[in-house]
Amino acid sequence: MDFSLNEEQRAWQMKARRFAEEEIRPISLQRDQITDPFATFDWDIIRKGSALGFRTAAVPKRWGGYGVDIVTQAVVMAELARGDAAMSKAFSQCWKWSHLIAASCTPDQQERFLKTFLADDTYLLGAGITEPNAGSDNRLPPGNDPKAGYRLRAERDGDHWILNGVKSFIAHGSVGKLFFVYTRTNPNVNLKEGSTLFLVPRDTPGFRIGKVFNKIGWRFYQNAELIFENARVPHANVIGEVNGGAKAGSGETSGFGELELAANALGVCDSALEMAMQRAHARARGGERLGDQQFIQLKLSEMHVLIEALRSFVMRTAWERDRAAQGDAAMRESVNADFVMSFSRTALDRITELNMEIHGTADGTANVQAEKLFRDAITSHVAGDIVQRITPIQRLLARMRAQSALAAARP
Amino acid sequence: MDFSLNEEQRAWQMKARRFAEEEIRPISLQRDQITDPFATFDWDIIRKGSALGFRTAAVPKRWGGYGVDIVTQAVVMAELARGDAAMSKAFSQCWKWSHLIAASCTPDQQERFLKTFLADDTYLLGAGITEPNAGSDNRLPPGNDPKAGYRLRAERDGDHWILNGVKSFIAHGSVGKLFFVYTRTNPNVNLKEGSTLFLVPRDTPGFRIGKVFNKIGWRFYQNAELIFENARVPHANVIGEVNGGAKAGSGETSGFGELELAANALGVCDSALEMAMQRAHARARGGERLGDQQFIQLKLSEMHVLIEALRSFVMRTAWERDRAAQGDAAMRESVNADFVMSFSRTALDRITELNMEIHGTADGTANVQAEKLFRDAITSHVAGDIVQRITPIQRLLARMRAQSALAAARP
Amino acid sequence: MYDLHLTAEQVEMREAVRDFVAREIKPMAAELDRREELQRQFPPALFDQASQLGLRTLGLPAEFGGAGADSLTICIVAEELAVGDVGVAAMLTETSTLARLLFDGMLSDEQRAQWMPEFLSDHRCHLAFAGPDSEPSDDWFYHRPFVADGRCPISALKAANGDWLLNGVQNFVPNAPVAKLIIVEAAAADGPRTLLVACNTRGLEVRAHDPASRNPGADGEPVFAWNNGTSGQLVFRDCRVPAKNLIASAGTRLPDRGGKAADRAPPHRAAMNLGVGRAAYEAALEYAKLRVQGGRRIIEHQAIGTMLAEMVARLETARSVIWQAAWAADHADAYADGSLPHLPHATIARIMTAEFVHKVTLDAAQIFGGSGVMRDLPMQKHVRAGMIFLHSNVSNSAAKFRLAEAVAGYERPSPAAGGR
Amino acid sequence: MYDLHLTAEQVEMREAVRDFVAREIKPMAAELDRREELQRQFPPALFDQASQLGLRTLGLPAEFGGAGADSLTICIVAEELAVGDVGVAAMLTETSTLARLLFDGMLSDEQRAQWMPEFLSDHRCHLAFAGPDSEPSDDWFYHRPFVADGRCPISALKAANGDWLLNGVQNFVPNAPVAKLIIVEAAAADGPRTLLVACNTRGLEVRAHDPASRNPGADGEPVFAWNNGTSGQLVFRDCRVPAKNLIASAGTRLPDRGGKAADRAPPHRAAMNLGVGRAAYEAALEYAKLRVQGGRRIIEHQAIGTMLAEMVARLETARSVIWQAAWAADHADAYADGSLPHLPHATIARIMTAEFVHKVTLDAAQIFGGSGVMRDLPMQKHVRAGMIFLHSNVSNSAAKFRLAEAVAGYERPSPAAGGR
C-alpha cells in the first residue's frame, strides 16, 4: 500500500498546478461569461498548454509523446480542473485518442494522424456518437432492435464511404481537427452488428459544423453539431473492421472515459472547497468569523469528507487502470471506473452546492465564482446518470450467472 | 501509487477472512439473539482468535507481539467485521492499548501489564471515559468550564489514589481485565488541566462492574458500568503525569480509534453487499431474477459505489497513519482519520438500509440477518456524530489562522 | 370553502385519546419496552378502556353501532395512539378497519345479525385477518400485469354437510393473539374461500411465536416477526367451520395492503407512522432542552437546533398531506370539482410520511447519543418502527411504482380471480 | 369543519391564470429564455393583460380598489404564474405585496388619496422597494440577539424647506426596471427614513445592470444578479423628494424578507417556488412519455418512473403545506382553537418547498439529459430558479434557525431601531 506519487508523477502534478494557477484561472471566469457560445474558445491557452505537453501527454513515448501513466493523467486532469473544468477537459479530451489509437488503429492510421497531431499545437480531437434521438441507447442498446442507437449512415462507394446524417452535442465539434465518427453500415441489424467507426478529418468534403450548443456551464468546452451531407471518407480511415464499430470502440479498456470525468470533478471540488475554507476563515461579522459557526463547520466537514473519499477512490482507480494496462487480468475486470464516476457525480453536486450555501446570496446577488462552479457541476450531469449506474451492476450480475452456470456444469 | 497489499498483509487478510467465515459467522446470529446482555459473550471465540494472533496483533514485536502495521490492522478489522461487527471490535479494542502504551506508558508499566496481556488468552482491555453526564464534552470541552467533561474523582492518599465515581457505557466493561480510566484530579480547573489517566486492573479493591447496557446491536460486544467506591489504585499506575491526562491520551496520534470504526464499518458493508448481490442473483419471481429489475440494480449500484469509495478511503488513511507512525510530519497533521470515520457512518447507514430494502419485508416479517446488520449499524451511530464532524474542521481553521497570523507577522 | 378548522368533536376526541395515552398507554409502554417484542402482552384492562372510548369500533358506521368516525378523525386518533405505543395503535386500528370491512361489506344481513351483538358488546373482541402468504417482491412490478403467486397456507375442504374443514399453519398473523374473530382466506380445490372463524373453534390453536425460533418465510429464507403490532401463529388441524361462516366465495384484498384500492384509502398506517415520528421528536426535543453539553443546553447548538427544525418541519408536512389524503378518501367530489388533482393522495401520504419519519427517528436517536440504541429505552423502538413502516405493507419502492403508473396513466389489466 | 374544497371563484381564478399563462406567458417565456437574464424585458402588453386580470393588485383589499384576494388565492395565483415564468410571477407578486403594505399600512389618508388613483388606473404602474444592503450572514445567527449592520447605500439630507435630497447608488433592486413608484429607505443623519419616490423624479436614474460588469456586493466580493424577477440599479444624484413623500420615519422591514413577522406571513414565495418545480416536473413528464430509449417510452423504465413519482409526491406535499400556511396566515384563530399547533407554518412551507423543488428540478434536468443544461431551453432556468429560492431571501439554513428558535421557545430581544 503506497498512496504517494513518484517523482515523475509529482513533477507533472506541479507543472499542471502552476499552469492552472498562472494561466487557466486568470481567464477562466472571463471565458465563462462570454455570451456567444462560439466565442468562448481561446487558442492561446491551448498553444501554451501544448507547449507544456498537456495536449499530447498520453501519447506513448514510442510515437513521440510523453506516455504518462493513468495515475499521472488523473493527477493532471484534477489540477487543471482546479483552474477550470472545461479547459482541463479540452486537453484531456485529446488523451482518449491516444488510448483508442493504441487499442484499435492500424500502423498506417497511426502514421498519418499521430504525426500531425504531435506537430500541430492546435490539433484537437473529438468523437461523434450522440445523435438527437440516440443518447442512452448507444451505451445500453436494447437487445436486437435495429432502430435503437445512432443512425448516421455510411454507404460504400468504391474506395470511399459516403456519410449522411447529423451528430449532436459533439465535444470539440467546433474546434477539432479530427473526429472518430460512429456510423451505421448495416441499418437492418442492431447497433452491435451493424456499425463502423471512421476517422474523419475536419476538411473532409461534405462534412461541416452546425450550431454550437449553448450550455450553461463548461462554456469554454464547445459541443457542436457535426453535419454530414454526402461526406466522402476513404476506406483507409475505417478503424477496425467494417460492421465492427462496437468492437473497435470497446477495445479501449482503460476505463479512461469514466476516470476522466471523476478526476475532473475532483479538481472542481478542490476549487470549491478552497473558496469555502477561505470564506469561513476570512469573513467575519460582529467579531465572529464565519468559520466559528457550527453550521458552517458542518458544511465544511461534509465537503472535506466527500472530497477526500473521492480523491482516494480516483487515485486507487487510476492505479487499477494502470495495472490493467500492464496486463493484470483481475484489474481489467474491475468496474471501479464506472463506480468512481457515479461517486464523483454525488460529490460534485453536493460540494458545489455547499460552497454556494457558504457564500450565500442576499438581495438577489450571488458570488460569481461559486455560481460558475455550480453551473459547471450540473452541466456534466449526464456523467453518472442512470445508465452509468446500472451498466456495471449488469456486468457483475452477468458474471455471477456465468460463474454459477459453470459451477452447475461441473460434476 | 500502489494499492496492493504486501505478502505479509495479504497473509493476515486471508487468515482473518478464514477465521471470520469458519468461526465467527457460524455463531454470529446466535450470539446476537441472546436476550440477556450479560450472556452474549463467548470466551471460546476469544481464545481461538487469540491463538491466531488477533488479540495481540498490534503489540510491537520487541515486546513479543506481532507488530503489524496499521494497513494490516485495517484489513484484519474489516475481514473480521464481515463475520460480525461486535466480534471484530472485541479484538481490535485490545489494539488501542498497544498504541497507547507505546506512546505513553513507562517501561515498568509495560513490563507489568504487557507480559500478562500476551500470556493470558482471555486478557481483554477497556478504557473508561464516558460518564452519564459527560459525553461529547469529553471530546470537545467547552473552554474553561471546570464542570464540563468527566467527573470521576481521584484523590491522592500516599502511594495510592482513591477513585470515586461511575463510568458508563464502557466497552469490555464486563469482560475486560485492565482499564484505562480517565479521572479528575483537580475538579476546580478544566478538563485539560485537571485530569489524570490511570491503569486500573479488574481486581482493584473498591472497583466493580455495574449493569451491562442492553444495546439493540453489537450484542456480543458488551458495554458496562464501572463503579468506583473508594477504589485504591497505586500511584505507579498513573499514565504520563498527574493532571496530564488529556496529554497522556492524546500522545496516541495514530488516529487508530477513528480508523478502527471505519474499517469495521467497511466489513459490515461488505457483508451486506454480499447478501444483497446474492439475493439479486438467486431470487426469481415469474422467471425473472430480482437483479433483472432496474430499481434493484440502482440500489446495488449505490451500495457498490459507497463501499468502494469507503474501501479506498480507509486503505489510504491506514497508509497515512503508518507514514505518520514512521515520522512523516505532514501525515501526522492529516485529519483524514476523522473524515473517514464520518464517511463510514454515511456508507454504513445507507448500505445496511439498502440491503434491507432489497430483502424487503412482507406479512410483518423481515430477513433475520439483514435486520441484524441494520441494528449493528445504528448501534455505532455515535461514531461520526456532530462532534466527530466538527472537530477536524476546527483544527483546520485554527491552522489557517495560525498561518495567516504568521504571514502577517512577517515583514 | 377551504377551511382547516377541526370540529369541536375532533378536538375533543384528540384530547381524550391524548389523555388516555398519557394516563394509560405511556406508563405501560415504558414497561413493555423492556421486553422482547414477541413477549409484549397488552393488559386486558387497557383493551376495555380503549373500547369504551370507542377506539375499537371507530371506523364502523354509527348505523352498525360503531363510532362512525370519518377518515380524518380516524387518522387523528391513530397518530395519537402511536405516540403512546405503536403496537397498541396497530392493534386497535386493525380491529377497527376490519370491523368496517366485515360488517359494512362482507357479511350478509343474517351473518351480521349473528355476530354483530357479540362484537359490539365484548370490549375485548378483536379481529384478525389471515390471507395468502405474500413476499416482498409481490409488489415489485411496474408497468405490466401483476402475477400473484402467493398461496394460502390454509386449505379448506368442503364436508358433506357443507361445513369447511380447515388445515394448515399460518405464521405472523397480525392481531392473532388478541382476536376473537378471525377472517381466514383458505384455498379450496376450486379457488379461495373466505371464512369467519371464532378463535375458540375446536381444531384452531393460536400460538405465540417463540422469539428465538426462526421460521422460514414465504421465500424459504429465515425471517422473524417485524411488525408494529402483535402477531401470532394460527394452527388449523381439521378445524370444522360451519357453512354459514362462509363470508366470501373468493379471495379478499384489504385496501391498505396495496393495490389500486389503496390509492384513495384512508391513510391510517401513515397516521400511525407519523405518531412514531412524533414520539421520537418529542422525546428528542425534551432531552435537548434539558441536556447540557458545551456549556449550554444542546438545543442551543446550531447543529441540534437545525436537526430539530428539520424534524418538526417534516412531521408537520407529513400531517398536512395525511390529513389531505384522509379528507380526500371521504370526498371524491373534490377530484371532480378541481379542488384536488387526480392523484392517489393516500399513496403520496404513505411515501412521504415513511421517508420523513425514518429520517426523524434516526436524527432523534442521534440526539440521544448512546441512549438512542438501548433496548430498554423507547427511542430504539421508534427507529425500528420507522423502518418497518418504510419497508412493509407495500414498500416505498413499490408505492412509487404505483404512483408513477398513475401519472403515466397506465391501466393494469385486471388480475386473475383470487389475486390479493 | 375541515374542508379542502376550493370556492368556485378560486377555481375560476386559477383557470383564468392558467389560460393567461398558456396563451401569453409561455410563448413569450420561450422567447425570453434564449436571452441573457439581465436582458430579459417583459413586453408591456403583458403587463396590461395581467393587470386587467387583477394580478397586479391581487393582495390589495377591495376597499382600496384591489382584488382583495385571500392568502390562499394569492398562493394559487403565484404558483400558476411561476409555472409560466418565474420572472413574471416575481414581478407581479412584488408589486401586489408592496401595494398592500403601502396602501393598507404605510400611507396616511392624504398620501393614499394622492397616489392611489394613479396606481389603480395605470396598468403599468409597478412598485419596488430599495432598503438597506444585506448580506447572507445577516440571518445566520441562532439563539442570540440579532445585530444588523447593513447600511442604506442611499443617503437623505433634509433641505431647508423640508424636502429630502437623496444621493447614492443601489444595485440589484427587484422590480426597479418596471417600477413607477419606489419605496426608498434612506439614511438620514439621525436614523433611517422611508420615502416614496416616483421613477421619473429628476435626479433619479434607473439603469439596467450590464451582464458583463461585476459589482462588488455588500461584502466586497464580486457578485452578480441572481434573483428570479427583474432587477436594476438606482442612481440618486441630488434627487429632491418632497416632504409629503415621507411615509415612515424609520426603517421598513418587509415581512417576507425574514424576521418573526415572516413566520406567519402568506407563503407567496414558496408558492412561486412550487410553480418552478411544477414547470420542471410537467416538462419532464411530457418528455418521458414521448422519448423512447431502450425500446420503450422512458417513463416505463423503473428508474424514470420512480423519479417522476418522487417528483409529483414532493410537489403535492409542498402544495399541501403551502396552502395550510396560506390559510393559517388569514386564520389566527385556528391556533387558538387547537386546529393548528403553535408553529411558524410559513417558515415550514418555505423550508420544505425549497428543498423539494431543488431536488425536483435536478431530477427533471437529469431526465432531459444534455437538453437539461442548454441555455436556450427552459429546463436549466428551472434548476437555477430552484437554487435561488433555496438560498436567497432568508436561506433555508437561516429559516431552520428561526424554526428551531420557535420550538425552543427562544424570545429574541427586540433589535435596535432601524434593523431591517
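Lettering follows sequence order; numbering is per chain, from 1. Remember, it's a predicted structure, so these values are computed and weren't measured experimentally.
Few gaps surround NZ on C/Lys289; more than 12 heavy atoms of other groups in view lie less than 6.0 Å from it.
Looking only at side-chain heavy atoms (C-beta outward), B/Glu371 and C/Met387 stay at 4.5 Å or farther from each other. Side-chain atoms of C/Val373 and B/Phe213, non-hydrogen and from C-beta on, never get closer than 4.5 Å to each other. The closest side-chain heavy-atom distance from B/Phe169 to C/Met374 is below 4.5 Å.
Summarising the geometry, atom CG belonging to C/Leu390 is positioned 9.5 Å from atom CE belonging to B/Met356; distances are rounded to the nearest 0.5 Å. We find the CD1-NE2 distance between B/Ile390 and C/His301 to be 8.5 Å, quoted to the nearest 0.5 Å. Separating the CD1 atom in B/Ile358 from the OG atom in C/Ser395 is a distance of 11.5 Å, to the nearest 0.5 Å. Note: B/Glu357 CD to C/Asn396 CG = 8.0 Å, rounded to the nearest 0.5 Å. For the atom pair C/Arg144 CZ and B/Glu288 CD, the distance stands at 4.5 Å (nearest 0.5 Å). Summarising the geometry, atom CZ belonging to B/Arg219 is positioned 4.0 Å from atom CZ belonging to C/Arg375; distances are rounded to the nearest 0.5 Å.
In terms of modelled atom types and a separation under 3.5 Å, the side chain of C/Gln380 and the main chain of B/Ile216 share no donor-acceptor contact.
Contact of C/Ala365 with chain B is made through backbone and side chain together, with heavy-atom distances under 4.5 Å. Looking at C/His358, only its side chain comes within 4.5 Å of chain B, counting heavy atoms on both sides. Only the side chain of B/Lys299 comes within less than 4.5 Å of a heavy atom of chain C; its backbone N, CA, C and O stay farther away. Using a 4.5 Å cut-off between heavy atoms, C/Phe401 touches chain B through its side chain atoms alone. For C/Arg291, the part lying near chain B is the side chain, with the backbone staying farther off; criterion is any non-hydrogen pair under 4.5 Å.
When all heavy atoms of C/Gly295 and B/Asp145 are compared, the pair lying nearest together is CA-OD2, 4.3 Å.
Taking the six-membered ring wherever Trp is involved, the centroid distance between the rings of B/Phe295 and C/Tyr142 does not fall below 6.0 Å.
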